[in-house]
Amino acid sequence: MDQLTAGQGSRVKKALNSYNFTHKKTQYMGLDLKPLITTVPIKLAELSGKVVAIDAFNTIYQFLSTIRGPTGELLMNGRGEVTSHLSGLFYRNINLLVENIKPVYVFDGKMHALKAQEIERRFKLKQEAVVQYNHALEEGRMEDAVKYGKRTSVLTDSMVEESKTLLTALGIPYVQAPADGEAAAAHLTKTGAAYASASQDYDSILFGAKRLVRNLAASGRRKVPGKSTYIDVEPEMVEHDNVLKETGLTHEQLVDVGILIGTDFNPSGFSGIGPKTAIKLIKENGRLENVDKIKGQLAEVPYQEIRDIFLKPEVPKADGVRFGEVNRERVLDFLCVQKSFSTDRVAGTLDKLQKAQESRSQSLEKWFG
DNA sequence: CTTGACTA
DNA sequence: TAGTCAAGG
């Protein structure tokens with residue numbers, strides 16, 4: 001698994017090549033478009049000057065599951081307040097700003113009723129993980145503790161508020177989505193307010209995002225937990241136009257393919273149908289209603305409603321986003337005074353950004369000054 | 001995840 | 001300079 005990352009070989013890769021060896025449809029793990037689409041590795045620098053709409057929940061959740069101590073516990077200050085999300089957001093955003101990338105965070109709004117089942121499933125998985133985590137801790141199996149700890153992450157309201165506070169202090173705008181955050185992020189790319197949407201999930205593509213950036217981060221190599229091997233995890237881009245071109249599908253058909261594979265709104269998908277069969281069936285039959293072999297199952301799925309979720313999503317009304325300056329005092333007060341971050345580290349990191357921004361404005365003055 | 005100190 | 005690894009809070 002995961003040998004399909006770039007670093008050696010061709011710049012453009014087809015995940016499809018390694019699909020047969022790596023992929024099994026065991027349980028729902030998010031919309032699985034990966035085997036059907038081409039991703040292009042990109043450098044962070046290629047996004048310089050661009051606005052990127054970032055799925056906030058997706059990103060914060062990622063931080064909560066990866067930024068942990070040696071026994072799998074979250075990072076916390078002396079008062080027991082979780083700081084993993086703030087650490088991740090702070091350093092990640094500084095790196096983006098150093099690259100002159102303009103992040104806009106998009107926060108999820110109200111959840112669609114059809115998603116409740118999937119959320120419930122994830123909640124149960126977390127409860128199981130908590131049990132396994134405690135078990136592993138008691139028995140001193142630290143590698144297991146770390147593994148299960150990652151799966152216990154819960155994003156709380158206060159984490160959301162704190163994240164917004166930090167973003168504001170950094171001069172980074174955020175958008176409150178009326179419904180699905182992915183839908184709102186996709187919308188921003190359609191209106192031109194954003195160049196791309198950034199998320200680990202492929203949903204943005206079904207929501208019609210022009211571009212999806214995955215693995216939006218600075219680091220290149222990442223250690224495989226437990227083993228002494230490394231994999232390349234570099235940012236990669238999926239272009240909506242390319243997806244349609246290469247699959248030969250319309251956007252509406254792509255949504256149908258997604259529904260066959262399984263989305264958050266029908267997580268079990270259709271039995272016996274994986275990405276490859278799904279695309280074949282839609283190409284041959286045009287649309288869900290015409291696929292004879294799924295007639296029975298289709299009657300049980302609110303497919304028209306799911307289509308509408310993707311094709312006619314509820315999106316934010318005003319899509320103007322305003323970028324601000326870094327408010328050094330506020331960042332230092334919030335992170336260091338309130339959350340007990342090291343003042344030296346935070347100040348040093350802010351200095352690094354300031355240097356980068358100053359040198360950029362100086363190089364501009366050479367041309368225009 | 002990201003940094004920063006340390007080693008080869 | 002690149003690679004490794006512990007620590008961050």
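So that the names make sense, note that chain A is the first sequence line, chain B the second, and so on, each numbered from 1.
Within residues 154-163 of chain A, no residue approaches DNA chain B, by heavy-atom distance under 4.0 Å. Using a 4.0 Å cut-off on heavy atoms, the residues of residues 80-93 of chain A that approach DNA chain B are A:Tyr91, A:Arg92, listed by number. Taking every heavy atom of residues 337-347 of chain A and every atom of DNA chain C, pairs under 4.0 Å involve A:Lys339, A:Ser340, A:Phe341, A:Ser342, A:Arg345, by number.
Take A:Arg345 and apply the side-chain hydrogen bond (donor to acceptor under 3.5 Å, both in side chains) test, not counting sequence neighbours, and it matches no residue. When the side-chain contact (heavy atoms from CB on, under 4.5 Å) test is applied to A:His135, the partners found at least two apart in sequence or on another chain are A:Glu139, A:Arg141. Residues passing the ring pair (Phe, Tyr, Trp, His ring centres under 6.0 Å) test with A:Phe207 are A:Phe310, sequence neighbours excluded. When the ring pair (Phe, Tyr, Trp, His ring centres under 6.0 Å) test is applied to A:Tyr174, the partners found at least two apart in sequence or on another chain are A:Phe107. Residues meeting the side-chain contact (heavy atoms from CB on, under 4.5 Å) test with A:Thr343, sequence neighbours left out: A:Leu332, A:Cys336. Residues passing the side-chain contact (heavy atoms from CB on, under 4.5 Å) test with A:Asn95 are A:Ala218, A:Lys352, sequence neighbours excluded. By the side-chain contact (heavy atoms from CB on, under 4.5 Å) test, A:Ala194 pairs with A:Val51, A:Ala53, A:Leu188, A:Thr189, sequence neighbours left out.
Sorted by first and then second residue, the pairs that involve residues 202-213 of chain A and meet salt bridge (charged side-chain N to carboxylate O under 4.0 Å, His left out), not counting sequence neighbours, are A:Arg211-A:Glu239. Judged as a salt bridge (charged side-chain N to carboxylate O under 4.0 Å, His left out), the pairs with a partner in residues 163-185 of chain A (not counting sequence neighbours) are, in order, A:Lys115-A:Asp180.
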